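One structure is given below, encoded as structure tokens.
Quick caveat, the model's predicted, so the values are computed rather than measured.
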Amino acid sequence: MGFKNKYGQVSLYTENNVVIAHFSGYITSGLLRAFKIELCEKIKSLKNQPWAYISDSFDVLAATPEAEKEMIDISHLMKANNCLSSAFVLTSAIAINQMKRILECAKRNVNFSECLFTNLDSAKQFISHNLKSKQGQLI
């Protein structure tokens, strides 16, 4: 899946039970509405299995205020649908501060510095370890 507008773009794919979104440019509410539709399809395909999420946003500059509100809603959706862990690949200071604020507003109990990375491979390693650990706690 992919969606692009004049400000930014997103593509979404899964690797096993990890949903990975690649964002670039500016994140707008329109971009997130398209993302949310596809995310819901990915969640359905996981058939209520525990899963994790990686936001590969190395090339993201910032999100609009409307997009921040949409991200809070998406965070609630993810939590309600068995997402056990998230990781974020961000380098923009603005985007990092926005994501901290979004997670706080969504009342997600995460140590943001532990799930913040500068490359996708590190985020994948974190998610792999974290997801196995959390799945073990469910047994």
Side-chain angles (χ1 to χ4, degrees):
M1 171 273 188
F3 180 80
K4 183 177 184 177
N5 63 23
K6 63 182 181 177
Y7 306 106
Q9 61 184 24
V10 61
S11 59
L12 190 65
Y13 60 99
T14 55
E15 289 183 6
N16 299 313
N17 56 343
V18 179
V19 177
I20 302 171
H22 177 77
F23 289 93
S24 62
Y26 291 96
I27 298 177
T28 64
S29 57
L31 200 66
L32 288 176
R33 282 191 295 272
F35 165 76
K36 188 175 181 180
I37 291 167
E38 185 64 22
L39 177 63
C40 287
E41 291 301 315
K42 298 287 185 196
I43 291 170
K44 284 180 192 174
S45 74
L46 293 167
K47 298 183 173 141
N48 209 29
Q49 294 294 312
W51 58 285
Y53 172 74
I54 298 174
S55 174
D56 181 13
S57 302
F58 183 86
D59 297 319
V60 165
L61 303 170
T64 65
E66 296 81 14
E68 281 193 46
K69 292 174 189 169
E70 189 74 30
M71 283 191 258
I72 293 167
D73 291 342
I74 290 169
S75 180
H76 290 146
L77 171 79
M78 291 167 64
K79 185 176 180 181
N81 283 281
N82 221 9
C83 180
L84 299 184
S85 186
S86 296
F88 304 90
V89 179
L90 294 164
T91 56
S92 160
I94 295 169
I96 289 168
N97 285 327
Q98 286 179 309
M99 187 53 64
K100 282 182 194 174
R101 187 169 51 245
I102 289 161
L103 293 173
E104 288 171 6
C105 289
K107 299 192 183 342
R108 297 298 297 264
N109 188 22
V110 297
N111 182 341
F112 184 64
S113 62
E114 288 181 3
C115 58
L116 176 64
F117 301 92
T118 57
N119 65 72
L120 183 57
D121 287 338
S122 296
K124 285 181 178 181
Q125 288 175 358
F126 168 81
I127 285 295
S128 176
H129 173 76
N130 206 19
L131 190 56
K132 285 177 188 171
S133 172
K134 288 187 178 188
Q135 283 177 318
Q137 292 172 6
L138 295 174
I139 296 173

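When every heavy atom of Asn82 is checked against every heavy atom of Gln49, the shortest pair comes out as ND2-C, 3.4 Å. Nearest heavy-atom pair across Asp56 and Leu120 is OD2-CD2, 3.7 Å. Heavy-atom minimum distance, Leu31 versus Gln9: CD1-CA, 3.7 Å.
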Q: Would you sort out whether Ile43 and Trp51 count as a side chain to side chain contact (heavy atoms under 4.5 Å, CB included), showing the intermediate values?
A: CA-CA 8 Å; Ile43 291 170; Trp51 58 285; 3.6 Å; yes

Q: Just do the salt bridge (charged side-chain N to carboxylate O under 4.0 Å, His left out) check on Lys44 and Glu41 with the steps written out, would you?
A: CA-CA 5 Å; Lys44 284 180 192 174; Glu41 291 301 315; 3.7 Å; yes

Q: Take Cys40 and Leu77 through the test side chain to side chain contact (heavy atoms under 4.5 Å, CB included) and record every step on the way to the result.
A: CA-CA 9 Å; Cys40 287; Leu77 171 79; 3.8 Å; yes

Q: Start with the C-alpha gap between Ile102 and Arg108, add the side-chain angles, then the distance that decides, and say whether side chain to side chain contact (heavy atoms under 4.5 Å, CB included) holds.
A: CA-CA 9 Å; Ile102 289 161; Arg108 297 298 297 264; over 6 Å; no

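The aromatic rings of Phe88 and Tyr53 sit perpendicular to each other, their planes meeting at more than 60°, with 30° as the lower class boundary.
Atom-to-atom distance recorded for Arg101:CZ and Ile72:CD1 is 9.0 Å, nearest 0.5 angstrom. Interatomic distance, CG of Leu116 versus CZ of Phe126, reported as 10.5 Å (0.5 Å rounding). In this structure, Gln98 CD and Cys105 SG are separated by 11.5 Å, a value rounded to the nearest 0.5 Å.
Lys100 places a side-chain heavy atom less than 4.5 Å from the side chain of Ile96. Under the 4.5 Å side-chain criterion, counting only non-hydrogen atoms from C-beta, Ile20 is in contact with Glu15. Contact check for Phe3 versus Ile37: no side-chain heavy atoms found under the 4.5 Å cut-off.
Under a 3.5 Å cut-off, the side chain of Ser57 and the backbone N or O of Val60 do not form any donor-acceptor pair. Side chain of Thr91 to main chain of Thr118: no donor-acceptor pair is present (N/O by atom type, distance under 3.5 Å, no hydrogens or angles).
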